[in-house]
*Asks:* 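Pasting in a structure now, in structure tokens, and then I'll have a few things to ask.
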Amino acid sequence: MKTMRILVMSVALSLSMSAMCQTTAQMKAKQAKTVLKEKASKDARKEAKKMEKEGWQVSPGALPLEKQLDRAYMYALDIDDDMNPVYFLGEGKTIGENYDAARMQATELARLEIVRSISSEATSLIDNMVGNKQMGSEEAATMTTMLSESKTISSQKLGRVMVAVEAFRVLPNKNREVLVRLAAKSADIKEIAKNAIREEMEKRGMKMSEQTREMLSK
């Protein structure tokens, strides 16, 4: 009897979870339809019109170009309560004989542009450490140089990024030119920058004060 009761409860729980997943999927589908029906911003429509005249198009099944550009604008304009950007954006554009190869190269270029944001964030953190007398100016200059020359900061450490825009055009010689715009959360960028500084300091045997440890762990 007890076994039967457990079995019934398990089946009921399974059905309940299945229903919840189905409801979530339906909600996402409804939201997607709503987004498609919403009109893109004026700037996005204007840029899309210009790009389409230049031959840019999107792959079958992808969001219309104006909707993708609208999404990129939203990423670019999103700020937190302290008026800091919520996302860092990177753009890559390259030409290849086939679409997939060109897309991969353009994506990597966009990721590398975001990596430069990590380097800038790391430099800003080091400047703050100098200002708070947690690091000397000569030591800071050495650290900045080490970070620029090391592989501590790389596109592979970015992890998940959002594709804001992906478009292509066919050139007269039949090659494909691909444009990719990516967005990465600024919170993730700051965390990578902190980890890079921490790793380099530990690697070089540089002393880390309690205040520095606390700043790099926030």
*Asks:* Check whether Asp82 reaches the backbone of Asn84 with its side chain - one donor and one acceptor, N or O, closer than 3.5 Å.
*Replies:* no
*Asks:* First locate atom CG of Asn173, then atom CD of Glu97, and finally report the distance between them rounded to the nearest 0.5 Å.
*Replies:* 9.0 Å
*Asks:* Measuring only between side-chain heavy atoms, which start at C-beta, is Val161 closer than 4.5 Å to Arg111?
*Replies:* yes
*Asks:* Does the distance from a Lys or Arg side-chain N to an Asp or Glu carboxylate O, for Glu47 and Lys67, drop under 4.0 Å?
*Replies:* no
*Asks:* So, taking the atom named OG in Ser41 and the one named CZ in Arg71, what distance separates them when rounded to the nearest 0.5 Å?
*Replies:* 13.0 Å
*Asks:* What heavy-atom pair brings Arg176 and Lys174 nearest, and what distance separates the two atoms?
*Replies:* NH1-O, 3.0 Å
*Asks:* Examine Val170 and Val178 and state if one hydrophobic cluster contains both, with Ile, Leu, Val, Met, Phe, Trp and Tyr joined whenever side-chain heavy atoms are less than 4.5 Å apart.
*Replies:* yes
*Asks:* Under the side-chain contact (heavy atoms from CB on, under 4.5 Å) criterion, do Glu91 and Glu113 qualify, and how do the steps go?
*Replies:* CA-CA 7 Å; Glu91 179 177 304; Glu113 189 170 325; 4.2 Å; yes
*Asks:* Take atom CE of Met74 as the centre, draw a 6.0 Å sphere, and report whether it contains more than 12 heavy atoms from other residues, nucleotides or ligands.
*Replies:* yes
*Asks:* Can you see which heavy atom on Gly92 is nearest to which on Ala110, and at what distance?
*Replies:* N-CB, 3.6 Å
*Asks:* Report the C-alpha separation of Leu69 and Val165 in whole Å, then their side-chain angles, then the decisive distance to 0.1 Å, and conclude whether the side-chain contact (heavy atoms from CB on, under 4.5 Å) test is met.
*Replies:* CA-CA 6 Å; Leu69 292 168; Val165 178; 4.0 Å; yes
*Asks:* Are the side chain of Thr123 and the backbone N or O of Ser119 linked by a donor-acceptor pair below 3.5 Å?
*Replies:* yes
*Asks:* Side-chain contact test, heavy atoms from C-beta onward, threshold under 4.5 Å: evaluate it for Ile126 versus Ile197 and give yes or no.
*Replies:* yes
*Asks:* Do Phe88 and Met162 share a hydrophobic cluster, counting only Ile, Leu, Val, Met, Phe, Trp and Tyr and linking them when any side-chain heavy atoms are less than 4.5 Å apart?
*Replies:* no
*Asks:* Please determine whether salt bridge (Lys or Arg N to Asp or Glu O under 4.0 Å) holds for the pair Lys93 and Glu166, giving the CA-CA distance in whole Å, both sets of side-chain angles, and the decisive distance to 0.1 Å.
*Replies:* CA-CA 10 Å; Lys93 189 189 293 183; Glu166 186 178 316; over 6 Å; no
*Asks:* Check whether any side-chain N or O of Ser186 sits under 3.5 Å from a backbone N or O of Val86 as a donor-acceptor pair, and report yes or no.
*Replies:* yes
*Asks:* On a heavy-atom basis, which atom in Ala102 and which in Gly96 lie closest, and how many Å separate them?
*Replies:* CB-N, 3.7 Å
*Asks:* Val180 and Ala106: which non-hydrogen atoms are nearest, and at how many Å?
*Replies:* CG2-CB, 3.9 Å
*Asks:* Quick one: are Arg169 and Glu54 in side-chain contact, heavy atoms under 4.5 Å?
*Replies:* yes
*Asks:* Nearest 0.5 angstrom please: Lys194 NZ to Ile118 CD1, how far?
*Replies:* 13.5 Å
*Asks:* Could you state whether Leu182 and Leu65 fall into the same hydrophobic cluster, counting links through intermediate Ile, Leu, Val, Met, Phe, Trp or Tyr residues with side-chain heavy atoms under 4.5 angstrom apart?
*Replies:* no
*Asks:* Would Lys50 and Lys53 satisfy side-chain contact (heavy atoms from CB on, under 4.5 Å), going step by step from the backbone distance to the final call?
*Replies:* CA-CA 5 Å; Lys50 179 185 176 184; Lys53 283 183 178 179; 5.9 Å; no
*Asks:* Name all residues meeting the side-chain hydrogen bond (donor to acceptor under 3.5 Å, both in side chains) criterion together with Glu52; count only those two or more places apart in sequence or in a different chain, and write none if there are none.
*Replies:* none
*Asks:* Nearest 0.5 Å, what's the OG-OH distance between Ser117 and Tyr87?
*Replies:* 15.0 Å
*Asks:* Are Tyr73 and Ile114 connected, step by step, through hydrophobic side chains (Ile, Leu, Val, Met, Phe, Trp, Tyr) whose heavy atoms are closer than 4.5 Å?
*Replies:* no
*Asks:* Atom CD of Glu66 and atom CE of Met51: how far apart are they, to the nearest 0.5 Å?
*Replies:* 12.5 Å
*Asks:* Can you tell me how far apart CG (Leu179) and CH2 (Trp56) are? Round to the nearest 0.5 Å.
*Replies:* 5.0 Å
*Asks:* Is it true that Val163 and Ile189 fall in one hydrophobic cluster, defined by side-chain heavy atoms closer than 4.5 Å?
*Replies:* yes
*Asks:* Given side chains that start at C-beta, do those of Ser59 and Tyr99 come closer than 4.5 Å, heavy atoms only?
*Replies:* yes
